[in-house]
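Working notes, beginning with the structure itself.
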Amino acid sequence: MYKQLSSGVKISITRSISTAFEQYLASIGWDEDQFSMEDFIANWQQYFLENAAWFDKVPQEVLLSPEFHEEIAQKIDEVIAKILSEKPTKKQIESIEKMQKELGTNYTYGCKAEANYVEQLLKEQLKQK
């Protein structure tokens with residue numbers, strides 16, 4: 001059922017998963033111990049109901065289909081795996097190292113999205129300094 005959707009709708013679904021996942025992780029400070037898949041799914045559902053254009057473009061019978069739910073669960077797993085496996089850029093690493101040296105912090109980060117979170121956190125700390 002998912003495969004039958006237009007490419008624009010599929011891209012929008014993927015984007016909504018990515019955005020909601022990164023927002024959720026930021027809300028818990030990228031703390032693995034606080035991560036809850038149920039909480040993330042609840043956040044994603046709230047996100048797509050309020051912000052995503054794709055939801056209104058998918059027929060109701062598709063939205064209610066168990067097959068569609070299984071395909072979406074698989075898509076969520078794929079998107080999360082991709083986000084977590086994308087390495088930080090050289091520019092991000094250099095920027096974070098420079099700010100951490102200046103601030104005396106030692107944040108760790110394992111992927112590009114988490115590095116983005118850390119970079120923003122450090123920039124805020126520098127503004128307050």
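Since the model is a prediction, treat every value here as computed from it, not as a measurement. Side chains are part of it too, since the values below use all heavy atoms of this structure and drop only hydrogens, waters and symmetry mates.
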Counterpart residues, ring pair (Phe, Tyr, Trp, His ring centres under 6.0 Å), relative to F68 (two or more places apart)
none
Under 4.5 Å between side-chain heavy atoms, counting indirect links through other Ile/Leu/Val/Met/Phe/Trp/Tyr residues: same cluster for I93 and L84 or not?
yes
Test: side-chain hydrogen bond (donor to acceptor under 3.5 Å, both in side chains). Region: residues 53-72. Which pairs qualify, not counting sequence neighbours?
S16-W54
Working to the nearest 0.5 Å, report the span between OG of S18 and CD1 of I13.
12.0 Å
So, for P88 and A115, which heavy atoms are closest and what is the spacing to 0.1 Å?
CB-CB, 3.9 Å
May I ask you to test the S95-K98 pair for a side-chain heavy-atom distance under 4.5 Å?
no
Identify all side-chain donor-acceptor contacts of residues 101-109 below 3.5 Å with residues at least two apart in sequence or on another chain.
| residue | atom | partner | partner atom | Å |
| --- | --- | --- | --- | --- |
| T105 | OG1 | Q100 | OE1 | 3.1 |
| Y107 | OH | Q125 | NE2 | 2.8 |

Over 60° means perpendicular and under 30° means parallel, so tell me whether W30 and Y117 are parallel, tilted or perpendicular.
tilted
Scan residues 26-38 for pairs that pass salt bridge (charged side-chain N to carboxylate O under 4.0 Å, His left out), counting only residues two or more places apart or in two chains.
none
Parallel, tilted or perpendicular, as decided by the 30° and 60° cut-offs, for the rings of W44 and F48
perpendicular
Is V58 reachable from L64 through a run of I, L, V, M, F, W or Y residues, each pair having side-chain heavy atoms under 4.5 Å apart?
no
Rounded to the nearest 0.5 Å, what's the gap from CD1 on I72 to CD1 on I17? Could you check?
5.5 Å
Show the nearest heavy-atom pair for residues L5 and K10, with the distance to one decimal.
O-CE, 3.3 Å
How many angstroms lie between atom CD of Q120 and atom CD1 of I96, to the nearest 0.5 angstrom?
9.5 Å
Atom pair CZ/CD1 of F21 and I76 - distance to nearest 0.5 Å:
10.5 Å
Checking Q92 side chain against T89 main chain: does a donor-acceptor pair fall under 3.5 Å?
yes
So that I know where these two stand, are Y24 and F35 an aromatic pair - ring centroids less than 6.0 Å apart?
yes
Is it the case that the side chain of T19 and the backbone of R15 share a donor-acceptor pair, with hydrogens and angles ignored and the cut-off at 3.5 Å?
yes
So how far is it from L25 CG to I83 CD1, rounded to the nearest 0.5 Å?
8.0 Å
Looking at OG of S6 and CD1 of I11, how far apart are the two atoms once the value is rounded to the nearest 0.5 Å?
8.5 Å
By salt bridge (charged side-chain N to carboxylate O under 4.0 Å, His left out), E50 pairs with (sequence neighbours left out) none
If a pair satisfies salt bridge (charged side-chain N to carboxylate O under 4.0 Å, His left out) and one of its residues is in residues 80-97, list it, with sequence neighbours excluded.
E86-K112
